Amino acid sequence: MLRDTTVSTRLYKATEHLTIFRSFLILLERSGDGRLLLPLAFALWLSPVFTSATIRQIFLGIFLACILDLAIVGILKVAFRRPRPHYNRGMLVVVAPDQWSFPSGHASRAIMIAALLFHLLPPISTEFAQLLPSSLSHLIPTDLHRLFPETLKDTLSADLSPEFRVWSLMAAVTAWAVTTAGSRVFLGRHFVLDVAVGCLLGFLEALLVTRMVWPSQEVSEKLRELAVTCGRFQEGCSLDEIRRTLGI
């Protein structure tokens, strides 16, 4: 434990004065916050933008997985009650378990999401790839295209295969997950052991979710229809219209 605290302190001290680097780490911290990921997954599940029931099922699954993660991490934090590093500053404590350090919830959530996508996306790569840019040129502002030579323009405009697009996304998500987990030590929020156990916990949660918690497509669609209908009722939709929508 002494070596854990010593290594953690040295890593924090090594980057303590790197302002730009720490700003990037804070951005990662916010991106892995459960207060962002939970409502984001829920909103994407309900969004009319996604017409594929399979894609919506993934968003609901991630939403439920995040709830499970918050529950497990909260219980473990209260059970172990390991204080956070004494040099931890500027962190907002929202709920009581946030004051404890072991394990890292950011690390577990990030690794869990990456593991879930690695498990779920390859079988539906053709379908999911339709949501991603078909060429690199779509990622670059149109005004900048004229600055490139013709040979480079042709390369950027070439169509990317669905598999390449999906694997590129998963590589980006993996990089996000790993750097988000590591940021917890560099920001002084956690010790190395907290993050290591959080990463392991994320893998185990992904296994648990895919085997026991993952919703079927039918359940996902029925729950979504119910949620949308409840929203319509709050907006003044009559009970008769709701019954017709639900088929009851």
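For this chain, numbers begin at 1 and follow the sequence in order. Being a predicted model, the structure only gives us computed values, none of them experimental.
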Q: Of all the heavy-atom pairs spanning R184 and S104, show the shortest one and how long it is.
A: CG-OG, 3.6 Å
Q) Is a side-chain N or O of R81 found less than 3.5 angstrom from the main chain of V78, in a donor-acceptor match? A) yes
Q: Would you tell me whether S108 and D69 have side-chain atoms, one donor and one acceptor, within less than 3.5 Å of each other?
A: yes
Q: Consider only side-chain heavy atoms of I, L, V, M, F, W and Y, link residues closer than 4.5 Å, and tell whether V195 and L27 are in one cluster.
A: no
(Q) Can a side-chain donor-acceptor contact be found between T210 and W214 if the only test is distance below 3.5 angstrom? (A) no
Q.
Less than 4.5 Å apart, side chain to side chain, heavy atoms only: is that true for L187 and R22?
A. yes
Q: For residues L60 and L64, determine if any side-chain heavy atom of one lies less than 4.5 Å from a side-chain heavy atom of the other.
A: yes
Q | Residue pairs involving residues 26-46 (criterion ring-ring contact (aromatic ring centres under 6.0 Å, His included); sequence neighbours excluded) | A | F42-W45, F42-F63
Q: Flag the pair F186 / Y12 as yes when their ring centroid distance falls below 6.0 Å, and as no otherwise.
A: no
Q: Applying salt bridge (charged side-chain N to carboxylate O under 4.0 Å, His left out), name anything that partners R224, two or more places apart in sequence or on another chain.
A: none
Q: Compare every heavy atom of G34 with every heavy atom of P39, then report the nearest pair and how far apart it is.
A: CD-O, 3.9 Å
**Q.** W176 versus S31, closest heavy-atom pair with distance
**A.** NE1-OG, 2.8 Å
Q | Sidechain-backbone polar pair: S47 side chain, A43 backbone, donor-acceptor under 3.5 Å | A | no
Q) Rounded to the nearest 0.5 Å, what separation is found between the SG atom of C199 and the CG atom of L204? A) 11.5 Å
Q: Check whether more than 12 heavy atoms from other residues, nucleotides or ligands sit under 6.0 Å from atom OH of Y87, and answer yes or no.
A: yes
**Q.** Closest approach of L70 to R109 (non-hydrogen atoms, all atoms of both residues)
**A.** CD2-NH1, 3.2 Å
Q) At their closest point, which heavy atom of A114 faces which heavy atom of A177, and how far apart are they? A) CB-CB, 3.9 Å
Q: Decide yes or no for V173 and F118: does some side-chain heavy atom of the first lie under 4.5 Å from some side-chain heavy atom of the second?
A: no
Q. Is V73 reachable from F191 through a run of hydrophobic residues whose side-chain heavy atoms are each under 4.5 Å from the next?
A. no
Q. Ignoring hydrogens and geometry, is there a side-chain-to-backbone donor-acceptor pair from H190 to R84 under 3.5 Å?
A. no
Q. Got a second to check how far I62's CD1 is from L44's CG, nearest 0.5 Å?
A. 8.5 Å
Q) If you measure from CE on M112 to CG on L208, what distance do you get to the nearest 0.5 Å? A) 10.5 Å
Q.
Do M170 and I111 land in one hydrophobic cluster if side-chain heavy atoms of ILVMFWY residues count as linked below 4.5 Å?
A. no
Q. When rounded to the nearest 0.5 angstrom, what distance separates NZ in K77 from CD in Q99?
A. 10.0 Å
Q | No-hydrogen, no-angle side-chain donor-acceptor test under 3.5 Å, Q217 and T54 | A | yes
Q. Would a 4.5 Å heavy-atom cut-off, applied to side chains only, mark L223 and P215 as touching?
A. no
Q.
Under 4.0 Å between a side-chain nitrogen and a carboxylate oxygen: does that hold for D194 and R82?
A. yes
Q. If two hydrophobic side chains count as joined below 4.5 Å and joins carry through other members, does V197 share a cluster with V185?
A. yes
Q: Look up atom CG in L18 and atom OG1 in T15, then write down how far apart they are to the nearest 0.5 Å.
A: 6.0 Å
Q | Side chain to side chain, L76 and L201, heavy atoms closer than 4.5 Å | A | yes
Q.
Within the supplied structure, the quantity of interest is the number of heavy atoms (other residues, nucleotides, ligands) at a distance under 6.0 Å from F24 CZ; does it exceed 12?
A. no
Q. With side chains defined as the heavy atoms from C-beta onward, is the minimum distance between P85 and S101 less than 4.5 Å?
A. yes
Q | Co-membership, hydrophobic cluster, residues V192 and V178, 4.5 Å side-chain | A | no
Q | Steps toward side chain to side chain contact (heavy atoms under 4.5 Å, CB included) verdict (W100, F80) | A | CA-CA 8 Å; W100 307 114; F80 286 95; over 6 Å; no
Q. How many angstroms lie between atom CD of E205 and atom CD1 of I72, to the nearest 0.5 angstrom?
A. 4.5 Å
Q. Looking only at heavy atoms, what is the nearest atom pair of T51 and P48, with distance?
A. CG2-O, 4.2 Å
Q: Output yes when a side-chain donor or acceptor of S220 lies under 3.5 Å from a complementary backbone atom of S216, and no otherwise.
A: no
Q) Side chains of I113 and L37: does their closest heavy-atom pair fall under 4.5 Å? A) yes
Q) Any sub-3.5 Å donor-acceptor pair from S183's side-chain atoms to T180's backbone N or O? A) yes
Q) Are the side chains of R35 and L38 in touch, meaning some heavy atoms are under 4.5 Å apart? A) no
